[in-house]
Amino acid sequence: MDTAAPGHFIRRIISEDLARGKNDGRVHTRFPPEPNGYLHLGHAKSICLNFGIAGDYHGLCNLRFDDTNPEKENEEYVESIKADVHWLGYDWKDRLYFASDYFPQLYEFALYLIRAGKAYVDSLSAEQIREYRGTLKEPGKNSPWRDRSVEENLELFEAMKAGAFNEGEHVLRARIDMASPNMNLRDPTIYRIRKTIHHRTGDEWCIYPMYDYTHCISDALEGITHSLCTLEFEDHRALYDWFLDQLPVPCHPQQIEFARLNLNYTVMSKRKLNQLVSELRVDGWDDPRMPTISGVRRRGFPPAAVREFCERIGVTRNDTVIDVGVLENCVREELDRTSPRVLAVLDPLKVTIENYPDGQVEMLEGINHPNNPDMGKREIPFSKTLYIERDDFMEDPPKKFFRLGPGREVRLRYAYFITCNEVIKNAAGDVIELRCSYDPQTRGGQAPDGRKVKGTIHWVSAQHAMQAEVRLYDRLFMDADPEAADGDWKAGLNPDSRQVIKAALLEPSLNAATPGAVYQFERLGYFCMDGKDSISEQPVFNRTITLRDSWAKQK
RNA sequence: UGGGGUGUGGCCAAGUUGGUUAAGGCACGGGGUUUUGAUCCCCGCAUUCCCAGGUUCGAGUCCUGGCACCCCAGCCA
């Protein structure tokens, strides 16, 4: 029971509750997604909060699907959500629930409310209900059906359930206060008729309970102690409490609101993400550019990095926007620690070592991680014809450029010092090859005479390299705040958010790469083998994130 | 005066009973180590806490009055 660590305001509230002996010392939370889309980083914040708190206080966290709107929900979403929560590292064990499992109980409670005179069947149309509701500054007025007898309400509600009416003919409403300054309390609808097949209950029901009514009761039935939700539900708390106060429920959970996660350079609402997917602006919910959990997973973000991110951003009630740089930094930190290093060339420039024996091949030793010897070593083949990164050569380099240029000497990582003797160009004047010479004394990268070179560049042996497709990603939106662009938020979509390199060259050890594995391509960044599009003849690597690059900054 | 919230450096965020020089991270700038211009390591970065008054020996923390921004009028969640 780590009540010592104070942390954010929600932990403080829970620690105080525990100290006062509230809830018999139990802490029980829940993560309640609606299966109407894939989970995104905003959900990750909620998942880490709810499961994290349960873990810290030796409590429990349920996974509960809030599936009360059959028109938008389906099984695919349910499965993706379960997979995403597991991937993040959390387990609900045997506590998987569905609000739809409570439909019978919810119906009984509705009957209870009707008998208590706290709910009535309204026969106004949707438009009329809206008109009667009033406005933010003016009170609403009572529906003419508000004072039906208990018997008539019972009869009508049962007929609604039996399918005697069409959608929209009637609704069940809570009888609270049409003049309340809190719009949520102006006789909210609690049941509506929907003749739609539900993904779990099929055609068993044609009336479906609304969120406000369902959520609080579901929490109470599961013995939830702290019901954490986002700020926009703050005004709903009065209703949450109202229902629980009217009904004979086993307990009364406490709703606590926190600010949702906003990230710059992206959008974070299921509605908008859904739009990007359905309009084919991206390749599905798991497109590596998407801020979805499945997207960042495919991109190569480790779950530990996402968890660390959620920890770092904190939990408050402030409406804020987090800089994606914070997320990227978490990803770099985790990947720097865990990923093996490898040599790969994305934009190949041919190099011939003129004084290297034809047909000779040497196996050179490379270490898999500079700061962690436990990750071992590997052999990298070296030969007369190599490829280096085109960016690592400049015909007319500025003084601060440490790489290759005419007459300059650099170190080929783990191999030899080479000097550029000649630059070969094609008819168009493009550099197509470098003729170099190597110093046999520098094998491994050290000169016996102690001379230094300023640059070390990566390379790959032409005859040994394997080919791969590499996909480079940039931010999905060009503006920090896509929604600010008045009008079409999709106008700011970055046309260059994905760049595909068809024939990158990788050192042969990458033959052993498996889907999902992340490597650091030295001096370039971290790359993750794609599990969907890779085929054995042509693996695909997604660039997870670049390395920090102070040279690029300097330029 | 519809109701409900929030305001600490460029972006987050500690600071809770008022009491030394306002944590930490990201970003940024400078330096060192380095066979990745990576990592790592130093150092710098708010005389000031939305504003204005007030209480007090002392206020980011208390009081009063403003200002700014966010949420609410689904038979969505």
Side-chain angles (χ1 to χ4, degrees), chain A residues 6-9 12 32-34 36 66-69 71-73 122 124-126 129-131 133-140 167-173 180-186 188-194 208 210-212 214-215 229-238 257 259 264 270-271 312-330 332-333 336-337 341 343 366-367 369-371 400-403 411-415 417 442 444-446 452-458 480 520-525 546-554:
Chain A
H8 53 69
F9 81 100
R12 190 143 42 234
E34 182 191 10
N36 67 341
D66 227 325
D67 56 349
T68 58
N69 184 358
E71 295 178 324
K72 294 183 175 171
E73 300 153 3
D122 196 352
L124 250 27
S125 68
I129 286 181
R130 191 185 339 112
E131 286 160 16
R133 189 155 28 229
T135 69
L136 293 177
K137 296 188 177 183
E138 306 158 50
E167 290 186 9
E169 276 190 69
H170 306 282
V171 290
L172 184 70
R173 291 230 255 171
S180 174
N182 180 343
M183 300 296 284
N184 296 295
L185 263 21
R186 318 245 264 226
T189 298
I190 61 184
Y191 265 95
R192 74 286 211 187
I193 298 170
R194 281 290 174 280
Y208 291 93
M210 299 284 287
Y211 165 83
D212 287 302
T214 308
H215 203 88
C229 63
T230 44
L231 251 27
E232 66 271 27
F233 291 102
E234 197 158 11
D235 289 342
H236 295 239
R237 191 172 62 232
E257 312 83 19
N264 56 15
K270 273 199 254 181
R271 200 192 109 251
R312 273 186 207 180
I313 59 178
V315 179
T316 68
R317 294 170 64 87
N318 301 344
D319 190 12
T320 60
V321 180
I322 309 290
D323 190 315
V324 279
V326 178
L327 210 210
E328 295 174 342
N329 186 63
C330 290
R332 286 198 184 96
E333 267 180 34
D336 172 60
R337 214 169 53 72
R341 271 94 238 242
L343 302 183
I367 54 175
H369 191 113
N371 308 317
K400 301 287 284 281
F401 187 79
F402 303 155
R403 288 109 95 150
R411 170 167 41 231
L412 291 181
R413 173 131 244 224
Y414 299 132
F417 285 10
T442 58
Q446 301 277 17
K452 305 283 189 206
V453 286
K454 275 183 299 222
T456 299
I457 65 175
H458 57 277
Q520 183 193 103
F521 289 2
E522 290 205 35
R523 305 210 304 133
L524 297 172
T546 58
L547 248 29
R548 250 197 215 89
D549 187 352
S550 55
W551 166 242
K553 211 177 285 173
Q554 189 177 135

Trainee: Reckon A:S180 has a side-chain N or O less than 4.0 Å from the OP1 or OP2 of B:G3?
Mentor: no
Trainee: Contact class for A:D336 vs. all strands (heavy atom < 4.0 Å): base, sugar-phosphate, or nothing?
Mentor: sugar-phosphate
Trainee: Distance check, C1' atoms only: B:G31 and B:U48, in whole angstrom units.
Mentor: 29 Å
Trainee: Paired with B:U20: which nucleotide, if any, by Watson-Crick or G-U wobble criteria at under 3.5 Å for both distances?
Mentor: none
Trainee: Provide the Watson-Crick or G-U wobble partner of B:A14, both distances under 3.5 Å; none if there is no partner.
Mentor: none
Trainee: Compare the ring of A:Y211 with the six-membered ring in the base of B:A77 and state whether they stack (centres under 5.5 Å, planes under 30°).
Mentor: no
Trainee: Does a side-chain N or O of A:R194 approach OP1 or OP2 of B:C76 to a distance below 4.0 Å, or not?
Mentor: yes
Trainee: Does B:A68 have a Watson-Crick or wobble mate here (both distances under 3.5 Å), and if so which one?
Mentor: B:U6
Trainee: Determine whether any donor atom in the side chain of A:D549 lies under 3.5 Å from an acceptor atom in the base of B:G37, or the reverse, and answer yes or no.
Mentor: no
Trainee: For A:T68 and B:A77, is the shortest distance between a side-chain N/O and OP1 or OP2 below 4.0 Å?
Mentor: yes
Trainee: What's the closest nucleotide to the side chain of A:V326 if the choices are B:U36, B:C26, B:C72?
Mentor: B:C26
Trainee: Taking any heavy-atom pair under 4.0 Å as a contact, classify A:F521: base, sugar-phosphate, or nothing.
Mentor: nothing
Trainee: Could you tell me whether the side chain of A:R317 has a donor or acceptor atom within less than 3.5 Å of a complementary atom in the base of B:U6?
Mentor: no
Trainee: Is it the case that the base of B:G37 and the side chain of A:R403 share a donor-acceptor contact (distance under 3.5 Å, atom types as modelled)?
Mentor: yes
Trainee: Given atom NZ of A:K553 and atom C1' of B:G37, what is their separation to the nearest angstrom?
Mentor: 11 Å
Trainee: To the nearest Å, how far apart are A:R411 CZ and B:A38 P?
Mentor: 15 Å
Trainee: For A:G325 and for A:N184, find the nucleotide of RNA chain B with the closest heavy atom, then tell me which residue's nucleotide is more 5'.
Mentor: A:G325
Trainee: For A:L124 and A:G445, find the nucleotide of RNA chain B closest to each by heavy atoms; which residue's nucleotide sits nearer the 5' end?
Mentor: A:G445
Trainee: What interatomic distance, in whole Å, is found between C1' of B:U55 and the corresponding atom of B:C62?
Mentor: 8 Å
Trainee: How is A:I129 classified with respect to the nucleic acid when contacts are heavy atoms under 4.0 Å: base, sugar-phosphate, or nothing?
Mentor: base
Trainee: Pick base, sugar-phosphate or nothing for A:L136, based on heavy-atom distances below 4.0 Å to the nucleic acid.
Mentor: base
Trainee: Using a heavy-atom cut-off of 4.0 Å across all strands, would you classify A:V453 as base, sugar-phosphate, or nothing?
Mentor: nothing
Trainee: Quick check on B:C72: is either OP1 or OP2 less than 4.0 Å from any side-chain nitrogen or oxygen of A:R237?
Mentor: no
Trainee: Can you tell me how far apart CZ (A:R192) and CE (A:M210) are? Round to the nearest 0.5 Å.
Mentor: 5.0 Å
Trainee: Can you tell which of B:U36, B:A77, B:C26 lies closest to the side chain of A:L547?
Mentor: B:U36
Trainee: Measure the distance from CD on A:E333 to C1' on B:U39 and round it to the nearest whole Å.
Mentor: 11 Å
Trainee: Could you check how far CZ of A:R341 sits from P of B:U36, rounded to whole Å?
Mentor: 11 Å
Trainee: Please report the distance, rounded to the nearest Å, between NZ in A:K454 and C1' in B:G37.
Mentor: 12 Å
Trainee: On the nucleotide B:G37, are OP1 or OP2 found under 4.0 Å from the side-chain N or O atoms that A:R523 carries?
Mentor: yes
Trainee: A:Y211 vs A:F233 aromatic rings, parallel, tilted or perpendicular, using cut-offs 30° and 60°?
Mentor: tilted
Trainee: Tell me whether the OP1 or OP2 atom of B:A13 has a side-chain N or O from A:N318 closer than 4.0 Å.
Mentor: yes
Trainee: Send over the distance from A:I193 CD1 to B:G74 P, rounded to a whole Å.
Mentor: 19 Å
Trainee: Provide the distance between the two P atoms, one in B:A46 and one in B:A23, to the nearest whole Å.
Mentor: 10 Å
Trainee: Separation of A:R337 atom CZ from B:C40 atom P, in whole Å?
Mentor: 12 Å
Trainee: Is any side-chain nitrogen or oxygen of A:T135 closer than 4.0 Å to OP1 or OP2 of B:A73?
Mentor: no
Trainee: Classify the nucleic acid contact of A:N371 as base, sugar-phosphate or nothing, counting any heavy atom under 4.0 Å across all strands shown.
Mentor: base
Trainee: Atom NZ of A:K72 and atom C1' of B:C76: how far apart are they, to the nearest Å?
Mentor: 4 Å
Trainee: Hey, is the side chain of A:K270 poking within less than 4.0 Å of OP1 or OP2 on B:C76, counting only N and O atoms?
Mentor: no
Trainee: With a 3.5 Å cut-off and heavy atoms only, can you find an N or O donor on one side and an acceptor on the other between the side chain of A:Q520 and the base of B:U36?
Mentor: yes
Trainee: For A:R192 and B:A77, is the shortest distance between a side-chain N/O and OP1 or OP2 below 4.0 Å?
Mentor: yes
Trainee: Between A:N329 and B:C26, does any side-chain N or O lie under 4.0 Å from OP1 or OP2?
Mentor: yes
Trainee: Which part of the nucleic acid, if any, lies within contact of A:Y191, taking any heavy atom under 4.0 Å across all strands shown: a base, the sugar-phosphate backbone alone, or nothing?
Mentor: nothing
Trainee: Roughly how many Å apart are B:U21 and B:G58, using the C1' atom of each and rounding to a whole number?
Mentor: 16 Å
Trainee: Does B:C76 have OP1 or OP2 sitting under 4.0 Å from an N or O in the side chain of A:R271?
Mentor: no
Trainee: Counting only side-chain nitrogens and oxygens, does A:R548 get under 4.0 Å of the OP1 or OP2 atom of B:A27?
Mentor: yes
